[in-house]
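Convention: sequence-line order gives letters A, B, ...; per-chain numbering from 1.
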Amino acid sequence: MKEKELRRSLAVLPIGTVMKLANLTARQIRYYEEQDLIHPERNAGNRRMFSLNDVDRLLEIKDYLADGINMAGIKEIYAMQKQKAQQKEADLARPLTDNDVRRILHDEFLNIGGLKAKDGPEYPTH
DNA sequence: CTTCTCACA
DNA sequence: TGTGAGTA
């Protein structure tokens, strides 16, 4: 399920295609970018290139707007989602994972057997 | 022809 | 948000 995410993140759609897929004018799409609600890439010719994720995001923005939420409000929503995403990584990195424990035990085993590990232990110090 | 930025009789 | 100008 990793390859799929990669494809959805590939910026290959020009603004014209996105306009049709999201039913938005180029003006609106560019304005939303100006408001940092979306961050399309730019090609060699300075043309905006969108990914399928960008299209989904534009659809979301349109829904929020339809529900009466303004640019600032939508920004807050995405800001909180980003915070929670980062918090989740922190909580996940804190405790030693099963793989960390395995590697630690493995290193111990090598030391006990008199076989020194080629590379020094590199399990998370954080 | 499509997209870009800038500006507003 | 729309729209026209002048580009690339």
Across every strand shown, the nucleotide meeting Watson-Crick or G-U wobble geometry with C:dT1 (both distances under 3.5 Å) is none
Using whole Å, what does the distance between atom C1' of nucleotide C:dG2 and atom CD1 of A:Ile29 come to? 15 Å
Residue closer to the 5' end of DNA chain C, A:Met71 versus A:Arg47 (nearest nucleotide): A:Met71
Expressed as a whole number of angstroms, how long is the span from A:Gln28:CD to B:dC4:P? 15 Å
At under 4.0 Å between heavy atoms, what does A:Gly16 touch on the DNA or RNA strands: base, sugar-phosphate, or nothing? sugar-phosphate
Quiz item: A:Arg30 side-chain donor-acceptor pair to B:dT5 base, under 3.5 Å: no
Result for 5'-nearest mapping on DNA chain C, choosing between A:Gly45 and A:Leu65, is A:Leu65
Side chain A:Asp67, main chain A:Ile69, donor-acceptor under 3.5 Å: no
Please check if the side chain of A:Asp54 supplies one atom and the backbone of A:Ser51 the other of a donor-acceptor pair under 3.5 Å. yes
Please report the distance, rounded to the nearest Å, between CG in A:Leu37 and P in C:dT1. 11 Å
Could you tell me the Watson-Crick or G-U partner of C:dT7, where both distances fall under 3.5 Å? Say none if there is no partner. none
A:Arg48 vs B:dT3: side-chain N/O to OP1/OP2 distance below 4.0 Å: no
Please report, rounded to the nearest Å, how far the P atom of B:dT3 is from the CG atom of A:Leu13. 11 Å
Within 45 degrees of the axis of the six-membered ring of A:Tyr32 and under 6.0 Å from its centre: does A:Arg57 put its NZ or CZ there? no
Under a 3.5 Å limit on both distances, the Watson-Crick or wobble mate of B:dT3 is none
Given B:dT5, is OP1 or OP2 found less than 4.0 Å from the side-chain N or O atoms of A:Arg42? yes
Within one Ile-Leu-Val-Met-Phe-Trp-Tyr cluster: A:Met49 and A:Leu52, side-chain cutoff 4.5 Å: no
If you only use heavy atoms from C-beta on, which nucleotide in C:dT1, B:dT5, C:dG2 is closest to the side chain of A:Thr25? C:dG2
Whole-Å gap separating C1' (C:dT7) and CG (A:Asn46): 11 Å
Tell me: OH of A:Tyr32 to C1' of C:dG2, nearest whole Å? 13 Å
Closer than 4.0 Å, any side-chain N/O of A:Tyr31 to the OP1 or OP2 of B:dT5? no
Under 4.5 Å between side-chain heavy atoms, hopping through other hydrophobics if needed: is there a path connecting A:Met80 to A:Leu65? no
Just the rounded figure in Å: distance from P of B:dA7 to CD of A:Glu34. 12 Å
Measure CZ/A:Phe50 against P/B:dT2 and give the value in whole Å, please. 16 Å
